Amino acid sequence: MPAITRVCFVCLGNICRSPTAEAVMSHRLGVTDAGVHVEVESAGTGDWHVGHPPDGRAREEAARHGVAMGGVARQFTVDDFDRFDLVLAMDASNLEALRRIAPTGEAAGKVHLLREYDPEAHGDLDVPDPYFGGARGFAEVFDMVDRSVTGLIAHIGSSQPGA
Ligand code: 4NP
């Protein structure tokens, strides 16, 4: 397995789910010395929120867990397939949108679902879109992302020789 050193999390708007995943992953890598070296970013398949900060509800939920969220939304581009080793979609619709614009089979092969790394997913691999719901949806998103990131870090660690 080639070493994974750059990961991009992708949702629809890049203001709720994928910036949460980016923030949780960065936080974890900062507080634990797992010997894993990876750059993380996030992006959206849509362009409606480009330039916007993360949704206040997502920031509040992250803050409750001691995780700071920042950054501004951007749209995933075809060039990003060259920049990342792993592109992690939040749900099946994001996955399909990414595979549709992938220029090569190799690029399409970089796209997976984040919850493939969630030990409690039990076959449901979507992180549901919380945008039109209440605070509870954001809490569920955080927990799914948090569990998945644990599995993801272990997977990346095993891809890095000597890590
Ligand atoms: P996200 O959530 O994909 O997790 O950032 C959404 C944000 C905005 C919209 C949909 C989902 N929207 O329709 O504007």
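Both counts, for ligands and for their atoms, begin at 1 and track the order of listing. Nothing here was measured: the structure is a model prediction, and the numbers come from that model. Note that these values count all heavy atoms, side chains included, but never hydrogens, waters or copies made by symmetry.
- The local environment of CD in E116 is crowded, with over 12 non-hydrogen atoms from other residues, nucleotides or ligands closer than 6.0 Å.
- Under 4.0 Å from ligand 1, not a single heavy atom of D55 appears.
- Annotation: atom 9 (C) of ligand 1 to nearest protein heavy atom, Y131 CD2, 3.5 Å.
- The distance criterion of under 3.5 Å between nitrogen or oxygen atoms is not met by C11 with respect to ligand 1.
- Counting atoms of ligand 1 from 1 in the listed order, those under 4.0 Å from a heavy atom of G13 are 1 (P), 3 (O), 5 (O).
- Within the 4.5 Å cutoff, no side-chain heavy atoms of V145 are placed close to those of R17.
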Pair M25-I153, side chain to side chain contact (heavy atoms under 4.5 Å, CB included): steps then yes or no: CA-CA 8 Å; M25 181 91 171; I153 290 174; 3.9 Å; yes
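- Of the residues Q75, R74, R6, K110, the one that meets the side chain to side chain donor-acceptor pair (under 3.5 Å) test with D80 is R74.
- Looking at ligand 1, you'll find an N or O of N14 within less than 3.5 Å of one of its N or O atoms.
- Annotation: L12 places an N or O atom under 3.5 Å from an N or O atom of ligand 1; distance criterion only.
- Distance from atom 8 (C) of ligand 1 to its nearest protein heavy atom, with residue and atom name: H49 NE2, 3.4 Å.
- Pairing each heavy atom of L152 with each of L88, the nearest pair is CD2-CD1, 3.6 Å.
- Near D129, meaning under 4.0 Å from one of its heavy atoms, ligand 1 places the atoms 2 (O), 6 (C), 10 (C), 11 (C).
- A donor and an acceptor atom, one from each side chain of T150 and R28, are located under 3.5 Å apart.
- No part of W48 comes within 4.0 Å of ligand 1, judged by heavy-atom distances.
- Considering backbone and side-chain atoms alike, R17 places an N or O below 3.5 Å from some N or O of ligand 1.
- Under a cutoff of 6.0 Å and an axis angle of 45°, R64 and F138 do not form a cation-pi pair.
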Side chain to side chain contact (heavy atoms under 4.5 Å, CB included) assessment of Y131 paired with L12: CA-CA 10 Å; Y131 187 68; L12 180 60; over 6 Å; no
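- Contacts between M90 and ligand 1, counted as non-hydrogen atom pairs separated by less than 4.0 Å, are absent for every part of the residue.
- Not a single N or O atom of F132, backbone or side chain, sits closer than 3.5 Å to an N or O atom of ligand 1.
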